[in-house]
Amino acid sequence: MKALIQYISTILQGLLTLVKGMAVTGHYFFRPKLITTQQYPENRQTLKMFDRFRGEVIMPHDENNHHKCTGCGICEMNCPNGSIEIITKMIETPEGKKKKVIDKHIYHLGMCTLCNLCVKACPTGAIVMGQKFEHAVWDRTQLTKVLNQPGSELMKDVKE
Amino acid sequence: MAFDIYDFTTLTSSIHQSLSESLPPLAVEMIEWTLVGLSMLIFVALFGLILVYLERKVCALFQQRLGPMRVGKWGLLQTIADFVKLLMKELITPNRADKFLYNLAPFIVIIVTFMAIAAIPFAKGLQALDFDIGVFYVSAISSLGVIGILLAGWASNNKYSLIGAMRSGAQIISYELSVGLTLITMIIFAGTMQISGIVDAQASGWFIFRGHIPAIIAFIIFLIAGTAETNRGPFDLAEAESELTAGFHTEYSGIKFAFFFLAEYVNLFIVSAMATVLFLGGWQPLHFGSFEGFNQVMDFIPPIFWFFGKVMFIIYMIMWFKWTFPRLRVDQILTLEWKYLLPVNLFNILLMTLIVLMGWHF
């Protein structure tokens, strides 16, 4: 008798869990607003990538053409596949001191795996991950970018 | 030509009369067979295309996707484009395959579905074959399809195909039993095996309402076993894409593959149509005892729409199963059949017999 009750309750429980599963998919079926598919080339104007998307490494500049990169080279050391090259130069400050500043922050997008290690390692937060993902170009030399804009300087309040 | 959407017997008899006026009886028979065959062919091709499109859209909605959207508005022409592509593909025969059996298998599968579809009553007077053992005929014919699947797997000279075919064989032989027993349950209730008789008996109320508890149990078992019969998910381990590439039809290409594909969807239609005929009253409108106004409104909807509405509902349920449940292992499939469905089914037959004997039904 006990075995029979257990047998029947197993069947009923099984049916109940199946109905629960169907309730989940049924919920999705009647709510087309939850659809996550993007119709990419058509919605190019309105497409907004999600916040944590890693498209490329960029260096944000403010309106005075100032960036936060001190040229320390930590990102270059942290890059696992050598996508970053830091070229520095020595300048003379108005006080007469010699100082090392960034000359070119070279970024090879073609080699980059977008692992985010450089962004994590940067002590001043000078580089971040950008949202752009349409990277197709006609020539691979175009994939080598200089991240600091020409004539840009270090921000005043960045501690070295 | 008299055309009445509520009763197709006037249309068929007027065609018969106008042919008989000028032609000998044998020629009339031949022309009528050809007409029926042609209309079945067109129906199967069109309905297959629509079902494939529906399946892709329904599946997409269940998984929060959009499905085909590019070919035509809402992707409506997608299946036609796929069909044209399949027609133009090269027919490949594998090296050292058993050529005769390899080429025969898709035709067995598709011919069997055509033979089964002939017994389906679409509306009043729209039924090609009305044997007095109609239900038995459909269940016997639809179990022949597995021979085509086994042949396809065996003749392909491919171990994945063979494993898929053998799984399919084990599965269909097991679940044939459940389908047969649910059919017997409903035959006990109806008292006839003739499909038109079963449909007529449901004019006063569908069997699922009149037969209450045992009919509902039989309906659930029929849906489960019918899903397994058509080799669809969660019982699709005969093709199990992630394990066996495509199972028994791995080596088939072009139109031969399309035959297997089409046969799967037509089988889906046949199972749904049989569920409709046996449990949901075939093309009979929904009637509730003494609500005359309600019954008249329901009568206003033509029977063919009732039939296809019910069939679409069952097809939607089976699609819902497919896109919700994960695939069962071989041992789980056999456990489900032999340890659960079969004993419940046998008990259910006993219950139904008791209810019919004591007259405890509506």
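Basis for what follows: all heavy atoms, side chains included, without hydrogens, waters or symmetry-related copies. Just so we're on the same page: letters track the sequence lines, and every chain starts at 1.
- Checking B/Trp320 against A/Thr25 by side-chain atom types alone, a donor-acceptor pair falls below 3.5 Å.
- In the displayed structure, A/Glu134 atom CD is contacted under 6.0 Å by more than 12 heavy atoms of other residues, nucleotides or ligands.
- Both the backbone and the side chain of A/Leu18 come within less than 4.5 Å of a heavy atom of chain B.
- To the nearest 0.5 Å, atoms CE (A/Met22) and CZ (B/Phe321) are separated by 4.5 Å.
- With a 6.0 Å radius and a threshold of 12 heavy atoms from other residues, nucleotides or ligands, B/Phe305 has its CZ atom at or below the threshold.
- Interface residue B/Tyr316: only side-chain heavy atoms are found under 4.5 Å from chain A.
- Atom NZ of A/Lys120 has 12 or fewer neighbouring heavy atoms from other residues, nucleotides or ligands inside a 6.0 Å radius.
- Among the residues in residues 26-53 of chain A, those with a non-hydrogen atom closer than 4.5 angstrom to a non-hydrogen atom of chain B are A/Gly26, A/Tyr28, A/Phe29, A/Phe30, A/Leu34, A/Ile35, A/Thr36, A/Thr37, A/Gln39, A/Tyr40, A/Pro41, A/Glu42.
- Within a 6.0 Å sphere centred on NZ of B/Lys339, heavy atoms belonging to other residues, nucleotides or ligands number 12 at most.
- Other residues, nucleotides and ligands place no more than 12 heavy atoms under 6.0 Å from the CZ atom of B/Phe83.
- Interface residue B/Tyr340: backbone and side-chain heavy atoms are both found under 4.5 Å from chain A.
- Within 6.0 Å of CD1 on B/Ile213 lie no more than 12 heavy atoms contributed by other residues, nucleotides or ligands.
- Residues of residues 57-64 of chain B that come closer than 4.5 Å to chain A, counting heavy atoms only, are B/Val58, B/Leu61, B/Phe62, B/Gln64, ordered by residue number.
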